[in-house]
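Take a look at the structure below.
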Amino acid sequence: MQARTAPSGGTVLGTLAVGQFLMTLDTSVMNVSIATVAEDVGTTVSGIQAAITLYALVMAMFMITGGKIGTLIGRRRAFTVGCVIYGCGSLTTALAPGLGVLIVGWSLLEGLGAALIMPAIVALVAANFQQAQRPRAYGLVASAGAMAVAVGPLVGGLVTTYFSWRWVFAGEVVIVIVLLARRVADAPPHRHPDFDLVGTALSAVGLGLVVYAVLRSSSWGWVAPKPGAPALLGVSAAIWLILGGGIVLQVFLAWERRRVAHGLEPLVDPAMLRNRQLRGGLTIFFFQFLLQAGLFFIVPLFLSVSLGLTALQTGARLLPLSITLLVAAVGIPKVWPDASPRRVVQWGLVALFGGLVALLAALELGAGPEVLTAPMLLAGLGIGSLASQLGSVTVSAVPDERTGEVGGLQNTATNLGVSVGTALAGSVLIAALTTSFLQGISQNPSVPPAVTSQAEVELVSGAPFLSDAALEQALAATGLPSGTVSAIVQENAVARLQALRAADAVLALIAGVSLFFTRLIPNEQPSRS
């Protein structure tokens with residue numbers, strides 16, 4: 001019999017929402033503090049970017065395993081152990097004297113802690129709330145994570161500017177201590193003496209290869225290899241790693257089926273993946289986080305690079321998204337508790353599509369930051385609508401004792417979505433920027449053909465996304481005439497905008513395609529069906 005603690009539901013929900021917020025905050029904070037952190041720990045920007053990549057990789061590799069551990073030892077205990085590991089990682093990162101210690105603290109310890117905490121949060125919501133209450137509960141928890149992405153630049157910019165980036169991680173230690181002091185109800189753990197070590201290794205290797213390839217695709221190339229990038233038979237290493245990861249994951253599923261056939265406890269029961277409702281929820285989760293990550297990649301670039309806004313100003317411009325996100329995530333289940341999940345998800349994707357199209361129309365030369373208000377409000381409404389339904393859809397697809405495993409699968413889908421969304425938006429942006437810039441300077445009479453030829457050679461692997469001031473300073477150092485410099489800077493401004501529009505258009509197209517997968521989402525709320 002599953003334990004419920006309805007009287008303390010608000011406290012439980014607050015605890016889990018804070019945990020979800022904390023898990024998502026790190027990367028969004030670090031993205032605006034990369035240069036400062038690199039200088040402080042005596043490394044390069046590439047070194048910090050490698051730490052960010054490794055953090056995402058560790059989470060993706062062990063999320064399924066973390067969900068299963070929660071099933072075996074109890075989700076509350078997994079949450080507690082994860083918080084301890086995560087807190088140790090945050091403290092190590094706050095005190096890190098160099099890149100090596102930072103990687104151990106942030107990338108490894110925090111990544112492993114998150115792999116235990118995030119699936120446990122999904123399962124603990126199910127353990128503490130009846131089915132009718134779950135859409136609102138999952139909506140609030142999911143919105144906390146999405147808001148962490150939105151306010152992360154604001155927090156990072158504020159703390160880094162006036163204090164030190166280390167205080168962010170020190171603050172996380174305090175939050176973890178508070179989380180450990182809270183009590184949440186849990187079902188009895190499903191203890192089993194036989195843990196699937198082979199399945200753990202296979203899932204980690206397979207997912208690790210796929211996610212690493214996706215994360216490296218922007219520098220290696222998706223299919224055609226970029227100059228100097230690893231390749232085999234003329235094809236980028238990214239494709240080969242994705243194929244290799246897919247093969248390993250097929251072996252993993254075959255191994256899991258074998259364990260089930262022999263009466264052994266699997267890491268993930270492959271039969272779960274044949275569940276139409278679970279597949280639908282995981283698929284839309286993937287699309288939601290792909291679109292969300294791509295949007296949060298494009299908008300800060302427009303604000304900080306194109307318009308030159310500070311991290312604080314950039315974060316403030318993202319706040320409208322947080323407002324409508326929270327209103328939709330909490331309000332829809334409260335006002336329309338019996339709404340069709342499929343219909344809500346469809347309208348959520350339509351709103352997200354509308355936000356991306358509105359952003360496409362707003363990105364013009366001379367546009368100021370105020371043009372983002374309407375797109376952000378629409379996008380927040382869409383993301384909040386999805387958040388209000390998807391958690392309940394995936395968890396209700398299986399018995400409650402399987403919620404830990406569902407949490408692992410759900411967070412694997414979201415991590416993969418974030419990786420693909422960021423990498424895809426980045427790849428399209430750089431490709432469009434390079435093409436548009438080279439075409440622009442070649443047709444500009446103020447730019448000598450010799451300069452154009454040199455640019456074509458130097459930018460063969462992609463043009464950097466630079467502000468007008470940064471490009472003008474770099475060109476001035478080359479001794480080019482001021483007229484030529486002005487012409488190149490102007491062409492870069494046009495190309496930069498075209499690149500943002502191209503990346504946004506691809507995301508809008510994907511949002512439209514994702515609507516076709518909503519047929520897998522049930523028509524009725526789980527509490528009624």
Side-chain angles (χ1 to χ4, degrees), residues 20 23 54-75 77-79 81-82 85-86 108 110-126 189-190 192 194-215 242 244-260 264-275 278-279 281-283 285-286 289 390-391 394-395 397-420:
Q20 188 71 33
M23 296 300 99
L54 187 57
Y55 175 64
L57 195 60
V58 170
M59 282 198 298
M61 289 173 65
F62 295 105
M63 201 64 74
I64 290 178
T65 303
K68 188 62 178 182
I69 289 174
T71 301
L72 297 179
I73 69 173
R75 279 67 69 101
R77 185 173 296 174
F79 182 81
V81 173
I85 295 174
Y86 193 91
L108 183 60
E110 287 197 24
L112 291 174
L116 286 169
I117 294 170
M118 295 175 78
I121 288 175
V122 175
L124 287 171
V125 171
H190 176 60
H192 199 286
D194 184 25
F195 184 70
D196 187 6
L197 292 175
V198 174
T200 296
L202 288 172
S203 66
V205 171
L207 289 169
L209 288 173
V210 172
V211 173
Y212 183 71
V214 170
L215 292 172
I242 291 173
I247 292 171
V248 174
L249 290 175
Q250 288 297 320
V251 174
F252 163 68
L253 291 175
W255 172 260
E256 297 302 290
R257 285 191 289 268
R258 180 179 181 274
R259 286 184 66 87
V260 172
L264 299 173
E265 184 75 11
L267 190 67
V268 171
D269 188 350
M272 289 172 58
L273 300 177
R274 294 195 293 270
N275 184 306
L278 179 60
R279 287 202 321 272
L282 295 177
T283 301
F285 258 122
F286 170 80
F289 279 82
L390 292 181
T394 55
V395 168
V398 299
D400 279 1
E401 60 268 19
R402 292 288 190 184
T403 54
E405 294 161 61
V406 170
L409 291 171
Q410 177 179 304
N411 283 288
T412 298
T414 58
N415 274 297
L416 187 58
V418 169
S419 301
V420 172

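Remember, predicted model here, so these are calculated numbers, not experimental data.
- When all heavy atoms of S419 and V211 are compared, the pair lying nearest together is OG-CG1, 3.7 Å.
- With a 4.5 Å cut-off on side-chain heavy atoms, E405 and T71 count as touching.
- The CD atom of E256 sits 11.0 Å away from the CG atom of L249 when rounded to the nearest 0.5 Å.
- For the atom pair Y212 OH and L54 CG, the distance stands at 9.5 Å (nearest 0.5 Å).
- The distance from atom CG of L416 to atom CZ of F286, rounded to the nearest 0.5 Å, is 5.0 Å.
- Side chains of V205 and L209 form a contact here, defined as non-hydrogen atoms less than 4.5 Å apart.
- Looking at heavy atoms from C-beta onward, I85 lies in side-chain contact with L116 at the 4.5 angstrom threshold.
- Atom-to-atom distance recorded for M23:CE and E110:CD is 7.5 Å, nearest 0.5 angstrom.
- Distance check: Q250 CD to L202 CG gives 12.0 Å after rounding to the nearest 0.5 Å.
- P266 and V260 get closest at one heavy-atom pair: CG-CG2, 3.7 Å.
- Residues V268 and K68 have side chains not in contact (no heavy-atom distance under 4.5 Å, counting atoms from C-beta outward).
- With sequence neighbours left out, the side-chain hydrogen bond (donor to acceptor under 3.5 Å, both in side chains) criterion links D196 to W255.
- Legend: residues meeting side-chain hydrogen bond (donor to acceptor under 3.5 Å, both in side chains) with Q20, ordered by chain and number and at least two apart, are absent.
- Counting heavy atoms from C-beta outward, M59 and M118 have side chains that approach closer than 4.5 Å.
- Here the CG atom belonging to L108 is positioned 11.0 Å from the CG atom belonging to L57, to the nearest 0.5 angstrom.
- Checking side-chain atoms of N411 against main-chain N and O of M63 turns up no donor-acceptor pair under 3.5 Å.
- Using modelled atom types, no side-chain atom of R75 and backbone atom of A120 make a donor-acceptor pair closer than 3.5 Å.
- Closest non-hydrogen pair, A114 versus P119, comes out as O-CD, 4.0 Å.
- Side chains of F285 and T412 form no contact here, defined as non-hydrogen atoms less than 4.5 Å apart.
- Each of I69, L409, T200 was compared with I64 under the side chain to side chain contact (heavy atoms under 4.5 Å, CB included) criterion, and only L409 meets it.
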